[in-house]
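Step one of this worksheet: look at the structure below.
These values consider heavy atoms only, across backbone and side chains, with no hydrogens, waters or symmetry-generated copies.
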There are 2 protein chains.
Amino acid sequence: MPERKPRKDAARNRAAVLAAADTLFARCESTEEVTMADVAAAASVGKGTLFRAFGDRTGLIRALYEARLEPIEDAVEAGPPPLGPAASPLDRVPALLDALLCFKLDNRRLALALEETGSASPYQAEHYQRWHGLLQAMLEQIPGLADSDFTAHALLAATRADLVERLVGHERVRREKMRAQLASFATRVLGSGPTQGLTGRGPIEDQASP
Amino acid sequence: MPERKPRKDAARNRAAVLAAADTLFARCESTEEVTMADVAAAASVGKGTLFRAFGDRTGLIRALYEARLEPIEDAVEAGPPPLGPAASPLDRVPALLDALLCFKLDNRRLALALEETGSASPYQAEHYQRWHGLLQAMLEQIPGLADSDFTAHALLAATRADLVERLVGHERVRREKMRAQLASFATRVLGSGPTQGLTGRGPIEDQASP
DNA sequence: CAACAATACGGACCCTGGGTCCGCTTTGCA
DNA sequence: TGCAAAGCGGACCCAGGGTCCGTATTGTTG
């Protein structure tokens, strides 16, 4: 494959931009108040460099987002139950939703930015496809559950960044409460209770937004 | 109250703008490709007039949206069951969701535009509050259902414009199929089947998008 | 080490598109 | 018919995403 290794300065600049963007996004209320010029300035880099490295605004946000998402992907792909592949669907579906919820709680700004960016919102993001496909496959293994495609979408919709933002930032719902509510909702949809409850702060450690 | 009646030409222009915007939005794939200048030109009106009448882009879209929404609001507020207030919650919740879904199916572009506009998406729209409040009140009357606030949000999330757009425009799910899936999903969440099924094209007649 | 591609840099520049301003026109009341 | 008040419209403004290209770095080759 044509994977050519980048020049040293290019790599350094890319990292600087990522770090600067991360800081800036975390500091402000909405990512929309951070301009590309701001990011470039904060990273001590020219706009040209910024755009060459990430293509466009969406590319930058996506890069940031996917880096943060990696731990969860690993945990789902090869981690221990209830998130990992060894768990039974009845446990794993709630676990996945909970992991996603926690992720959005910890990365509100970023998730919000990504789901708003572009036109067709989160549905065109490649990782959405992954979550949906996985969830659907799990739902299909649950007896008596039809419409796995739609159901997967509907369950994921309950973890959307702007809903989370609304509940946490506006209605002041507490983290644990929201996790419990989502779990209970999922349980209802699945048709019977899971074999174990929620514990701890979240399935994956991650830097919380300030 | 300080409700002063507008001048005749102002009223005419307002109507012209509304009509022009409607046509333009219906014609294009995404409302984002329609600029305010386009709307003004199509309505044979200056940009100043346009902005004076609606404040800003969001105002225009909202005006269009709320006009379309009125029939549903009436039906919910004072219509016959299962949408009207006489119905039991177990019938009315699915009916409301179905009405909302049909509305979004018939007004995809518009709903999409509104839910994307601004930052905190649909949750800051005043009509969302209404649907949510109503739904929550109904859920509270259903025995054995906790977390009515969250549940209402989650159910509404399943009718979000971009999800509808995704299913209909991308996955090519047929209208009736989607209605059935949503109904079935709602049923699951409510904990038991409704006392009647779906019939007809939709609860409210409305111009379909071309 | 010198020379030279190839690659990257960066900030001046462009352009779209939302929103404003203000001199002119229309309306409608007296 | 006269005269405010209300409204009109399009020239204008400006933020901000994205591009361009002359210059600077890199690292490779003899």
Side-chain angles (χ1 to χ4, degrees), chain A residues 2-21 24-25 27-65 109-110 112-114 116-119, chain B residues 1-21 24-25 27-65 109 112-114 116-119:
Chain A
E3 275 288 299
R4 313 193 54 77
K5 74 171 171 183
R7 249 167 57 173
K8 199 170 39 179
D9 53 351
R12 183 169 32 76
N13 281 332
R14 184 186 168 90
V17 167
L18 239 18
L24 252 34
F25 284 162
R27 174 146 41 231
C28 294
E29 215 22 68
S30 161
T31 60
E32 283 169 49
E33 34 195 86
V34 177
T35 72
M36 294 302 269
D38 290 340
V39 174
S44 304
V45 143
K47 279 178 70 178
T49 302
L50 173 52
F51 279 95
R52 197 170 330 96
F54 296 96
D56 60 7
R57 186 172 230 274
T58 306
L60 170 61
I61 293 174
R62 180 149 47 217
L64 231 22
Y65 193 85
R109 254 82 78 148
L110 206 51
L112 218 38
L114 189 62
E116 277 169 7
T117 267
S119 16
Chain B
M1 59 181 63
E3 275 286 301
R4 313 193 55 75
K5 75 172 172 182
R7 249 166 56 173
K8 199 169 40 179
D9 52 351
R12 185 170 29 77
N13 280 333
R14 183 186 169 91
V17 167
L18 240 19
L24 252 34
F25 284 163
R27 174 145 42 232
C28 292
E29 216 20 71
S30 161
T31 60
E32 283 168 51
E33 38 196 82
V34 177
T35 72
M36 295 303 269
D38 289 342
V39 174
S44 305
V45 144
K47 278 179 71 177
T49 302
L50 173 51
F51 279 94
R52 194 167 333 93
F54 296 95
D56 60 6
R57 184 173 232 272
T58 307
L60 170 61
I61 293 174
R62 182 150 44 218
L64 230 23
Y65 194 85
R109 253 83 78 151
L112 219 37
L114 189 61
E116 277 169 8
T117 267
S119 17

Requested in this report: Look at B:N13 and D:dG7 and indicate whether a side-chain polar atom (N or O) is within less than 4.0 Å of OP1 or OP2.
Outcome: no
Report summary line: Taking D:dG16, D:dG27, C:dG28 as options, the one with an atom nearest any side-chain atom of B:R7 is C:dG28
Query raised in the report: Between A:R52 and C:dC9, is there a side-chain N or O to OP1/OP2 distance below 4.0 Å?
Result: yes
Requested in this report: Return the nearest nucleotide to the side chain of B:M36; candidates are C:dG18, D:dG16, C:dT26.
Outcome: C:dG18
Report task. Report the C-alpha distance between B:L112 and B:T31 in whole Å, list the side-chain angles of each, state the deciding distance to 0.1 Å, and finish with yes or no for side chain to side chain contact (heavy atoms under 4.5 Å, CB included). Result -> CA-CA 8 Å; B:L112 219 37; B:T31 60; over 6 Å; no
Query raised in the report: Choosing from C:dT27, C:dG18, D:dG17, which nucleotide comes nearest the side chain of A:K47?
Result: D:dG17
Query raised in the report: Taking all atoms of both residues into account, what is the closest heavy-atom pair of A:F25 and A:R109, and its distance?
Result: O-CG, 3.7 Å
Query raised in the report: What is the distance from CZ of B:F51 to C1' of C:dC22, rounded to the nearest Å?
Result: 17 Å
Query raised in the report: Can you tell me how far C1' of C:dG17 sits from CG of B:D38, to the nearest Å?
Result: 10 Å
Query raised in the report: Within a radius of less than 6.0 Å around CZ of A:R62, do more than 12 heavy atoms belonging to other residues, nucleotides or ligands occur?
Result: no
Report task. To the nearest Å, give me how far apart CZ (A:F54) and C1' (C:dC9) are. Result -> 15 Å
Query raised in the report: Can you check the A:K8 NZ to C:dA6 C1' distance for me, whole Å?
Result: 16 Å
Query - Contact under 4.0 Å: B:T49 side-chain N or O vs D:dG9 OP1/OP2 - result: yes
Report summary line: In short, the helix from C:dC1-D:dG30 to C:dA30-D:dT1 is bent end to end, axes from five pairs each side, to 10°, by 0°
Query raised in the report: Could you give the CD-to-P distance, from A:E32 to D:dA15, as a whole number of Å?
Result: 17 Å
Requested in this report: Pick base, sugar-phosphate or nothing for A:R57, based on heavy-atom distances below 4.0 Å to the nucleic acid.
Outcome: sugar-phosphate
Report task. Check A:L18 against A:A63 and note the closest heavy-atom contact, atom names and distance. Result -> CD1-CB, 4.3 Å
Requested in this report: Between D:dG17, D:dC8, C:dA8, spot the one nearest the side chain of A:A10, thanks.
Outcome: C:dA8
Query raised in the report: Which whole-number value in Å describes the distance from B:D9 CG to D:dA5 C1'?
Result: 12 Å
Query raised in the report: Could you go step by step and tell me if B:T35 and B:D38 meet the side chain to side chain contact (heavy atoms under 4.5 Å, CB included) rule?
Result: CA-CA 5 Å; B:T35 72; B:D38 289 342; 3.2 Å; yes
Report task. For A:V34 and for B:S44, locate the closest nucleotide of DNA chain D by heavy-atom distance; then report the residue assigned to the nucleotide nearer the 5' terminus. Result -> B:S44
Report summary line: Heavy-atom nearest pair, A:R14 first then A:A53, reads NH1-O, 3.3 Å
Requested in this report: Identify the heavy atoms of B:D56 and B:M36 that sit nearest to each other, and give their distance.
Outcome: C-CE, 4.2 Å
Query - Nearest-angstrom distance from the residue atom CG of B:L50 to P of D:dG9 - result: 11 Å
Requested in this report: Over all heavy atoms of both residues, which pair between B:V39 and B:A21 is shortest? Give the atoms and the distance, please.
Outcome: CG1-CB, 4.1 Å
Report task. Find the distance B:L60:CG to C:dG17:C1' and express it as a whole number of Å. Result -> 15 Å
Report summary line: Contacts of B:D56 and A:G46 projected onto DNA chain C by closest heavy atom; the upstream (5') one is A:G46
